[in-house]
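A quick write-up on the structure given underneath.
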Amino acid sequence: FQHVQKTFEITFTDDIFCPEPSCDVKFSYSTVKMIFLLNNNEILMERYDKYVTQREFEKMEEFIWCSNPSCHAGQLNEGGAMNTIVTCYY
């Protein structure tokens, strides 16, 4: 748990690998989520879930981030980056 917790808190990534010296296995989304839940860390689990969800949206062509620096959200937008009209709900 501590390895997964520290890795996510410090690097804020979903690339979390097995801590054993000769192990190069990347933990799956469900494994990391289960580790957080089994250790009663719902806050970190929710942050991880939100992070992974945002990364999946970023992979979509239609996704565009809101230009409001206080917003920290985005939306699926027909035309993607070519269509810069975003409705901010912040």
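Counting non-hydrogen atoms of neighbouring residues, nucleotides and ligands closer than 6.0 angstrom, the CD atom of E62 exceeds 12 such neighbours. Few gaps surround CE on M60; more than 12 heavy atoms of other groups in view lie less than 6.0 Å from it.
Listed by chain and residue number, K50, W65 satisfy the side chain to side chain contact (heavy atoms under 4.5 Å, CB included) test with Q54 (two or more places apart in sequence, or in another chain). Applying the side chain to side chain contact (heavy atoms under 4.5 Å, CB included) test to N41 and every residue at least two apart in sequence or in another chain returns F1, Q5, I43, L44.
Within the structure, side-chain hydrogen bond (donor to acceptor under 3.5 Å, both in side chains) pairs that include any residue of residues 22-38 comprise D15-K26, S28-S30, S28-T31, Y29-K33, Y29-D49 (at least two apart or interchain).
Using cut-offs of 30° and 60° for the angle between ring planes, the F36 and Y48 rings count as perpendicular.
The CE atom of M45 lies 11.5 Å from the CG atom of L38; values are rounded to the nearest 0.5 Å.
For the pair F57 and F63, the tightest heavy-atom approach, listed with the atom from each and the gap, is O-CB, 3.0 Å. Taking each heavy atom of H3 and C18 in turn, the nearest pair found is NE2-C, 4.3 Å.
Y51 and I16 fall within the same hydrophobic cluster, where Ile, Leu, Val, Met, Phe, Trp and Tyr residues are linked whenever their side-chain heavy atoms come under 4.5 Å apart, directly or through other members.
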(request) Start with the C-alpha gap between F27 and V4, add the side-chain angles, then the distance that decides, and say whether side-chain contact (heavy atoms from CB on, under 4.5 Å) holds. (result) CA-CA 9 Å; F27 290 149; V4 173; 3.8 Å; yes
